[in-house]
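Have a look at the structure below, then the notes.
Just so it is clear, the model here is predicted, and its values are computed rather than measured. We name chains A, B, ... by the order of the sequence lines, and we start the count at 1 in each one.
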Protein chains: 2
Amino acid sequence: MPRGNLDKTKILEAAAALANEISVKKLSLKQLAQKLNIQPPSLYNHVQSLDHLRLDLAAYGWDQAGARIAEALIGVSGDEAIRRACSVFYEYAEENPGVFEAMAYYNRENRTAGGEPDRLTGILYRLCRARDIAETDAVHVLRIFRSYIEGFALLTRHGVFPADETARESFFYGVEFLIAGIRQLERGGAGLPMRGGTNDG
Amino acid sequence: MPRGNLDKTKILEAAAALANEISVKKLSLKQLAQKLNIQPPSLYNHVQSLDHLRLDLAAYGWDQAGARIAEALIGVSGDEAIRRACSVFYEYAEENPGVFEAMAYYNRENRTAGGEPDRLTGILYRLCRARDIAETDAVHVLRIFRSYIEGFALLTRHGVFPADETARESFFYGVEFLIAGIRQLERGGAGLPMRGGTNDG
DNA sequence: TGACAAAACTAATCTGATTAGTTATTATAT
DNA sequence: ATATAATAACTAATCAGATTAGTTTTGTCA
């Protein structure tokens with residue numbers, strides 16, 4: 001394979017760095033090529049299009065964040081595991097704003113082509129299964145957590161919440177809200193006071 | 001004012017419709033002009049740039065959603081008010097996918113230039129104050145709800161969650177989680193089991 | 001009626017993605 | 001060692017769409 005200087009990984013790393021500097025929105029093949037010391041058209045040997053690159057960047061981010069979370073969960077369990085996972089994701093998003101935006105904007109099904117959940121989802125699933133939660137409730141719990149965490153990170157990114165300590169505090173406050181919710185779901189727990197009927201009136 | 005055919009509102013309405021059809025990302029001045037039966041450069045008489053248009057569209061969306069929520073809350077209080085507000089927002093996002101994306105992507109501080117909270121935030125504040133929640137907790141609660149709701153809507157939009165009834169179920173499940181959390185915050189309530197120390201270890 | 005201002009138009013410019021066609025490099029098989 | 005084939009880079013060209021410049025049209029109001 002000639003000209004082995006560059007490969008997909010190096011390109012994604014450069015794209016990630018660039019996105020973190022100037023945001024995904026402004027990520028351009030022109031600047032990326034410049035950063036890699038090649039001409040823009042050369043990128044097409046590695047990438048289908050700018051849009052695909054953004055998708056690839058999102059996948060790259062999920063892999064990275066997933067790996068960090070997996071690592072952080074080694075030997076931890078229960079509520080503490082949940083806190084850790086949330087905390088690590090939060091920090092990942094903070095440290096990699098551009099990549100995180102790609103993850104949020106170019107989100108897709110959290111399943112592989114085969115239909116199995118992706119790695120991170122699998123990890124979180126196991127976290128749920130370790131508790132005494134019904135299978136169908138676990139699906140809800142995962143969606144709720146993911147919504148909350150990505151939503152919070154996004155709003156922080158966009159300057160809706162101030163980038164100060166109170167925001168961090170709010171975030172972990174919310175995590176405790178959700179943990180409290182989970183506890184009430186556990187079989188044998190007090191039970192969550194769900195309403196029976198419609199949700200719209 | 002000559003050629004009074006067009007004004008900012010009509011342009012925003014057209015932009016909203018277009019964004020809902022083809023997504024904000026693909027929203028272009030070219031297509032917008034076509035839809036309005038004018039030439040693209042003419043739009044600059046009403047709009048600073050494509051990017052500003054997207055910002056304006058986001059503001060337009062918040063106004064609209066805020067108005068719907070305010071209307072839905074007339075004469076309702078307590079938990080039911082929270083459920084209503086969440087439900088209405090969820091439906092607005094569902095019905096206006098493009099505008100909602102603009103709202104999510106082009107989010108800004110939820111305060112006006114003057115420093116007062118915007119209308120919707122004010123409404124939700126009052127909802128909190130009606131409960132026996134400390135002022136500083138109310139800030140957290142608002143951030144948590146907003147994160148959850150926007151996050152959920154975004155992930156649904158992006159096809160991460162299936163567009164079926166189970167997603168809707170998950171959403172309202174999460175709302176109950178959060179309402180349960182609020183209850184525990186109320187002075188005189190059981191209290192939320194918060195951890196004291198660090199969040200990262 | 002005539003002058004002004006707003007809003008639209010056409011023509012032109014610029015930027016950046018993408019395509020076409022060519023050249024250089026290197027792994028591999030002879 | 002060397003020829004071959006595949007890969008990756010290059011240059012030149014095209015295209016699309018935003019934006020700017022300069023002009024014309026049209027409605028308002030003195």
Side-chain angles (χ1 to χ4, degrees), chain A residues 1-61 97-99 101-103 105-106 108, chain B residues 1-61 97-99 101-103 105-106 108:
Chain A
M1 302 112 223
R3 307 274 186 105
N5 323 315
L6 230 53
D7 61 359
K8 192 68 171 269
T9 305
K10 284 194 186 116
I11 287 179
L12 282 175
E13 278 167 4
L18 194 53
N20 288 336
E21 287 168 35
I22 63 175
S23 87
V24 230
K25 202 172 81 183
K26 291 190 198 139
L27 180 64
S28 72
L29 294 183
K30 193 188 193 191
Q31 286 188 279
L32 180 57
Q34 195 165 28
K35 190 163 205 142
L36 292 165
N37 288 112
I38 58 175
Q39 298 301 313
S42 307
L43 284 169
Y44 285 83
N45 287 311
H46 305 279
V47 155
Q48 279 202 24
S49 70
L50 175 57
D51 225 53
H52 271 270
L53 173 64
R54 294 202 178 106
L55 278 167
D56 291 344
L57 189 58
Y60 166 90
V99 176
E101 289 222 10
M103 292 158 75
Y105 291 90
Y106 291 82
R108 289 294 171 274
Chain B
M1 304 117 226
R3 308 271 188 107
N5 322 315
L6 229 52
D7 61 0
K8 192 68 173 268
T9 305
K10 283 193 187 115
I11 287 180
L12 281 175
E13 278 166 2
L18 193 53
N20 287 337
E21 285 168 35
I22 64 176
S23 85
V24 229
K25 200 172 82 182
K26 292 192 197 138
L27 179 65
S28 72
L29 295 183
K30 193 187 193 190
Q31 292 195 65
L32 180 57
Q34 194 165 29
K35 189 163 205 144
L36 291 165
N37 288 112
I38 59 176
Q39 298 302 312
S42 307
L43 284 169
Y44 286 83
N45 287 313
H46 305 279
V47 154
Q48 279 203 24
S49 70
L50 175 56
D51 225 53
H52 272 269
L53 173 65
R54 294 202 178 106
L55 278 167
D56 290 345
L57 189 58
Y60 167 90
V99 176
E101 290 223 9
M103 292 159 74
Y105 292 80
Y106 292 80
R108 288 295 171 273

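- B:L29 places a side-chain heavy atom less than 4.5 Å from the side chain of B:Y44.
- Shown are B:Q31, B:K26, B:Q34; of these, the side-chain contact (heavy atoms from CB on, under 4.5 Å) with B:L18 is made only by B:Q31.
- Across the protein-nucleic acid pair, A:L50 atom CG and D:dA16 atom P stand 18 Å apart, rounded to whole Å.
- A donor-acceptor contact under 3.5 Å links the side chain of B:N45 to the base of C:dA8.
- Between atom OH of residue A:Y106 and atom CG of residue A:D51 there is a gap of 4.5 Å, rounded to the nearest 0.5 Å.
- Between B:A17 and B:K35 the shortest heavy-atom distance is CB-NZ, 4.1 Å.
- Separating the CG atom of B:L53 from the P atom of D:dG17 is a distance of 16 Å, rounded to the nearest angstrom.
- In this structure, B:I11 CD1 and B:D56 CG are separated by 10.0 Å, a value rounded to the nearest 0.5 Å.
- For the segment residues 17-44 of chain B, the set of residues with a heavy atom within less than 4.0 Å of an atom of DNA chain C comprises B:I38, B:Q39, B:P41, B:S42, in numerical order.
- The CD1 atom of B:I11 sits 12 Å away from the C1' atom of C:dA8 (whole-angstrom rounding).
- One finds a side-chain N or O of B:H46 lying less than 4.0 angstrom from the OP1 or OP2 phosphate oxygen of C:dA8.
- To the nearest 0.5 Å, the span separating NZ on B:K30 from CG on B:L50 amounts to 14.0 Å.
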